[in-house]
Each structure stands twice: as C-alpha cells, then as structure tokens.
**Student:** 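First, the structure itself, so that you have it in front of you.
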Amino acid sequence: MKKHILKPLAAFDILPDSVRPITDDWPTVSTNVGYRWLHLKRSEPSAEAWIKSNLPTIAGRTLLQAETRPRCDRLDDGLLLNLRAVNLNPKSAPEDMVSLRMWVTKDGIISTRGRKVYAADALKEAALAGNAPPTVGAFIADLIHNLTDRIEKISIELEDRTDDLEEHMLEGAKVDTAELADLRQGVLRMRRFINPQREALSNLATIKDWIFSKGEIASLRESSNRTRRIIEELDAAKERLASVQDKLDADHANAIGRNSYLLSIIAAIFLPLTFFTGLFGVNVGGMPGLDSPSAFWVLTATSIIGGIVLYLVFKLAKWL
C-alpha cells in the first residue's frame, strides 16, 4: 500500500510558549495544545487527497475550487473564510488579485492558495522565527491586517497615477490613452475583487463568543473600515478617470468638428472657382479669349480676386 505524504507550504504547531514545525507525513487537522496551521498549495495532488480525507465535504470543496470569491460563513464548528490579496508575483499586475482560502476551527487553520500570497508567507517567516501569533484569532487578525496593508498600498499607487493623468490633462499635455485605458481597467478590476471582501470582513467582525478576543474584534473592524475606505477611494478614482476620458473624447470630437468645418469653408470657397475655371476650360468653339495671349492671366486674376472676395464675405459673416 502506497504511503501518503503531505507536502505543505507551511506546517506549524503554535504552542503557548513556542512554535514547532510539523514533521508528520500525514498530520491531523488540529492539535491538543495551542493550534495547528497547515498551508497547502491547491494544485498539489497530496494536498487534494489530504483535504478530501480530513475536512468536511463543503469545506474541502471550497478550499479546492479553481475560482472563488471572498466569503465568511460559519459551518458546524468551523469557519469558511475566503480572502483576496494583491498579486505581487513577478510579471503580474497587482490588481489581478490572488485568492487565499481557509478552514478555521478553534484549534486549527487549514489554508490553500494557487498563486503565492505574500501576506501568508510573512506569517510563515514569523513562525520560523518563533514569533507566530499566539492564538487562532490573533492569526486571522494579523493575516487580514497584512492583506489590507498591501491592498491599501496598491490602491494609493493607483490614486497617484490618476493624479498624474489629471495634472497632465489640466496642463494641456498629451494624455497617453493606452495608459489611461490600462489604469481604468486596473481600478475596475481591483474594485470588483475588493467589494465582496469588505462584506466578508464586515461579517467576520460580527462573530462574537467564539475564537476572537475584544482586541482582535477591534482589529478586524479596523481592517473592515480600511477596506471600505479603499473602495470609496477606488470609486473616486474611477469617476476621475471617467472624467479624463470624457474630456479626451470631447477634445477629439471638437477637433473633428473644427476640421470638418474648415474643410466645408474651403469647399465653399473653391466650389464657385472650380465651376468658373471648369466652364472656361471647355475646349469648344466660341470660347472667349481663345485667340488672346492675355486671356489666361485675366482668368487667373479673376479667380484670385473671386477667392479673396469669398474669403472676406465668410470672414465678415463670422464663419471663419
């Protein structure tokens, strides 16, 4: 019979006075003292087998889903918590957010991810250094605080880029339409991910008499409020970018209108001249001036004078 070996990204027992790496090939979900954290890569076959063997069906299915959205739901004696983090992986757009899924009980945390989540890795480094959060509630509060910090940083960067575009527009400088489109897409994409996270954090902060202390509840509420402010700032950036786009569209439409009007005036000036010269260009008998050597210059002078007269008429009529 083939022996099962779990290959976690992080595996620790956090005890009251120490942090101990888990060395079992096939560990259990929880521990008798302190709490246990297992951080797994969702696509790892051993992780899928372990989750299906050790977690409730709904929780296991949620932790293994390819696509998910932020949520916070109590299930029996545990908590399903899905969160989003900014994508800080190389060659990735930060606003293309990554997902972190968790099954939380009073003495255990099982987390899964597809792409790397730097906030979770920071807790791993803290655990390796023996500085892991002392309780499950503190772990969740610290994780969410770290996630929110990184989200807020990217949100501020998007706001700064929006400020730069607005300043360029107000100064009359040319706005890069490709940059504007990319920035609008980034703001919209990030807001789409963050809005349900605000609801999940709000629900999480209302959970009482379970694993969270008063201080941890206060930290969760602060993270929820910060997330709400981030959404408001993203909404403001979205509206400002829409105004920049509207201004560019209006300028483009005005330029087209001016060019079309100018072409119409030019056509109005040259239409009678074209008719006049075309009429005298007919090569038939009876045309006046055929035998006069000065007829060409007379026709040319008449055309120039006619053009000047038409220009002055349009100018006096304030069409130019």
Side-chain angles (χ1 to χ4, degrees), residues 6 8-22 24 27-42 47 50-51 54-56 59 62-63 70-86 98-113 116-152 197 200-224 226-227:
L6 181 63
L9 298 169
F12 299 97
D13 280 335
I14 291 86
L15 309 176
D17 56 354
S18 64
V19 178
R20 183 175 62 198
I22 298 173
D24 296 344
T28 57
V29 176
S30 58
T31 183
N32 295 326
V33 181
Y35 70 94
R36 172 165 291 181
W37 176 37
L38 294 174
H39 187 43
L40 310 175
K41 187 173 183 179
R42 183 174 52 81
W50 185 90
I51 288 172
N54 290 274
L55 298 188
T62 301
L63 264 61
R71 62 181 292 190
C72 174
D73 295 310
R74 288 293 303 272
L75 178 65
D76 298 331
D77 60 345
L79 174 73
L80 277 173
L81 184 61
N82 292 347
L83 299 173
R84 288 281 185 173
V86 290
V98 296
S99 179
L100 180 66
R101 308 159 176 84
M102 287 179 284
W103 170 245
V104 183
T105 61
K106 291 183 177 181
D107 53 6
I109 302 170
I110 312 301
S111 59
T112 65
R113 56 89 164 166
K116 186 175 182 178
V117 178
Y118 280 76
D121 279 21
L123 287 174
K124 175 184 175 181
E125 295 300 322
L128 289 171
N131 297 319
T135 65
V136 172
F139 182 99
I140 299 300
D142 285 358
L143 174 64
I144 291 174
H145 177 80
N146 291 338
L147 290 175
T148 306
D149 277 348
R150 288 169 170 80
I151 292 171
E152 193 169 48
Q197 181 137 317
L201 294 182
S202 179
N203 292 337
L204 183 63
T206 62
I207 297 178
K208 298 180 180 180
D209 303 324
W210 192 47
I211 60 173
F212 299 115
S213 66
K214 291 183 178 180
E216 291 157 0
I217 289 290
S219 176
L220 292 175
R221 287 175 178 169
E222 175 61 21
S223 295
S224 176
R226 290 172 64 191
T227 303

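Only heavy atoms go into these numbers, but all of them, side chains included; no hydrogens, no water, no symmetry mates.
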**Student:** Is it the case that Thr135 and Glu216 place a side-chain donor and acceptor less than 3.5 Å from each other?
**Tutor:**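 Yes - a donor-acceptor pair under 3.5 Å links their side chains.
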
**Student:** Search all heavy atoms of Phe12 against all heavy atoms of Pro21 and return the closest pair with its distance.
**Tutor:**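 Closest approach of Phe12 to Pro21, heavy atoms only: CD2-CA, 4.0 Å.
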
**Student:** Test side chain to side chain contact (heavy atoms under 4.5 Å, CB included) on Leu63 and Leu80 and set out the steps.
**Tutor:** CA-CA 9 Å; Leu63 264 61; Leu80 277 173; 4.2 Å; yes

**Student:** Are the side chain of Lys41 and the backbone N or O of Lys116 linked by a donor-acceptor pair below 3.5 Å?
**Tutor:**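 No, the answer is negative, given that no donor and acceptor are paired below the 3.5 Å cut-off.
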
**Student:** Please report the interatomic distance CH2(Trp37) to CG(Asp13), rounded to the nearest 0.5 Å.
**Tutor:**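 One finds 12.5 Å between CH2 of Trp37 and CG of Asp13.
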
**Student:** Measuring from atom CZ of Arg113 to atom CZ of Arg101, what distance do you get when rounded to the nearest 0.5 angstrom?
**Tutor:**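 One finds 11.0 Å between CZ of Arg113 and CZ of Arg101.
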
**Student:** So, taking the atom named CD1 in Ile110 and the one named CZ in Arg36, what distance separates them when rounded to the nearest 0.5 Å?
**Tutor:**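 The CZ atom of Arg36 is 8.5 Å from CD1 of Ile110, to the nearest 0.5 Å.
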
**Student:** What's the separation between atom CZ in Arg84 and atom OG in Ser99, rounded to the nearest 0.5 Å?
**Tutor:**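 Here the interatomic distance stands at 5.0 Å.
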
**Student:** Kindly determine whether Leu75 and Thr62 satisfy side chain to side chain contact (heavy atoms under 4.5 Å, CB included), including the steps that lead there.
**Tutor:** CA-CA 12 Å; Leu75 178 65; Thr62 301; over 6 Å; no

**Student:** If you count every heavy atom of other residues, nucleotides or ligands that lies below 6.0 Å from Asn32 atom CG, does the total exceed 12?
**Tutor:**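 Count not over threshold, so no.
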
**Student:** With the side chain counted from C-beta on, respond yes when Val136 and Phe212 share a heavy-atom pair under 4.5 Å apart, and no when they do not.
**Tutor:**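 Val136 does not reach Phe212 side chain to side chain.
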
**Student:** Of the non-hydrogen atoms in Thr206 and Ser202, which two are nearest, and what is the gap between them?
**Tutor:**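 So the minimum-distance heavy-atom pair works out to CG2-O, 3.2 Å.
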
**Student:** Does a side-chain heavy-atom distance below 4.5 Å link Glu152 with Arg226?
**Tutor:**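 SC-SC contact between Glu152 and Arg226 confirmed.
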
**Student:** When rounded to the nearest 0.5 angstrom, what distance separates CD1 in Ile22 from OG1 in Thr31?
**Tutor:**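 If I round to the nearest 0.5 Å, the distance is 7.5 Å.
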
**Student:** Using the rule given for side chain to side chain contact (heavy atoms under 4.5 Å, CB included), can you reason through Leu38 versus Ile109, listing the C-alpha separation, both sets of side-chain angles and the distance that settles it, and then say yes or no?
**Tutor:** CA-CA 6 Å; Leu38 294 174; Ile109 302 170; over 6 Å; no

**Student:** Could you measure the distance from the CG atom of Asn203 to the CG atom of Leu220? Nearest 0.5 Å is fine.
**Tutor:**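 Reported value, rounded in 0.5 Å steps: 12.0 Å.
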
**Student:** Hey, does Val29 have a side-chain heavy atom less than 4.5 Å from the side chain of Trp50?
**Tutor:**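 The answer is yes, as the side chains (C-beta and beyond) meet within the 4.5 Å cut-off.
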
**Student:** Is any side-chain heavy atom of Trp103 less than 4.5 Å from a side-chain heavy atom of Leu79?
**Tutor:**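 Counting from C-beta outward, Trp103 and Leu79 never come under 4.5 Å.
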
**Student:** Tell me whether Thr112 contacts the main-chain N or O of Arg42 through its side chain, where contact means a donor paired with an acceptor under 3.5 Å.
**Tutor:**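 Here the side-chain-to-backbone pair does not exist.
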
**Student:** Considering all heavy atoms of both residues, which atom of Ala85 and which atom of Val117 are nearest to each other, and what is their separation?
**Tutor:**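 For Ala85 versus Val117, the nearest heavy atoms are CB-CG1, 3.9 Å.
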
**Student:** Output, in order, the C-alpha distance, side-chain angles, deciding distance and verdict of side chain to side chain contact (heavy atoms under 4.5 Å, CB included) for Leu81 and Arg71.
**Tutor:** CA-CA 6 Å; Leu81 184 61; Arg71 62 181 292 190; over 6 Å; no

**Student:** Is there a side-chain contact between Arg20 and Ile14 (heavy atoms, below 4.5 Å)?
**Tutor:**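 Result no, sub-4.5 Å side-chain heavy-atom pair not found.
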
**Student:** Asn54: which residues meet the side-chain hydrogen bond (donor to acceptor under 3.5 Å, both in side chains) condition with it, sequence neighbours left out?
**Tutor:**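 Not a single residue meets the side-chain hydrogen bond (donor to acceptor under 3.5 Å, both in side chains) criterion with Asn54.
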
**Student:** Under 4.0 Å between a Lys/Arg side-chain N and an Asp/Glu carboxylate O for Asp77 and Lys106?
**Tutor:**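 No, Asp77 and Lys106 are not salt-bridged.
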
**Student:** Please report the shortest heavy-atom distance between Leu100 and Ser111, naming the atom on each side.
**Tutor:**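 Here Leu100 and Ser111 meet closest at CD1-CB, 4.2 Å.
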
**Student:** Flag the pair Glu125 / Asn131 as yes when at least one side-chain heavy-atom distance between them is below 4.5 Å, and no otherwise.
**Tutor:**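 Sidechains of Asn131 and Glu125: no contact.
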
**Student:** Regarding Ser223 and His145, do their side chains bring together a donor and an acceptor under 3.5 Å, going by distance alone?
**Tutor:**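 Checked: Ser223/His145 side chains show no N/O donor-acceptor pair below 3.5 Å.
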
**Student:** Is the shortest side-chain heavy-atom distance between Leu123 and Pro133 below 4.5 Å?
**Tutor:**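 They are in side-chain contact.
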
**Student:** For Asp107 versus Gly34, what's the shortest heavy-atom pair and its separation?
**Tutor:**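 So the minimum-distance heavy-atom pair works out to CB-O, 3.9 Å.
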
**Student:** What are the two closest non-hydrogen atoms of Leu147 and Ala119, and how far apart are they?
**Tutor:**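 Nearest heavy atoms, Leu147 then Ala119: CD2-CB, 3.5 Å.
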
**Student:** Give a yes or no on whether the backbone of Gly78 and the side-chain of Trp210 come within a donor-acceptor separation of less than 3.5 Å.
**Tutor:**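 No, because the side chain of Trp210 does not come within donor-acceptor range (under 3.5 Å) of the backbone of Gly78.
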
**Student:** Do His39 and Pro8 come close enough that some side-chain heavy atom pair is under 4.5 Å?
**Tutor:**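 No, their side chains stay 4.5 Å or more apart.
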
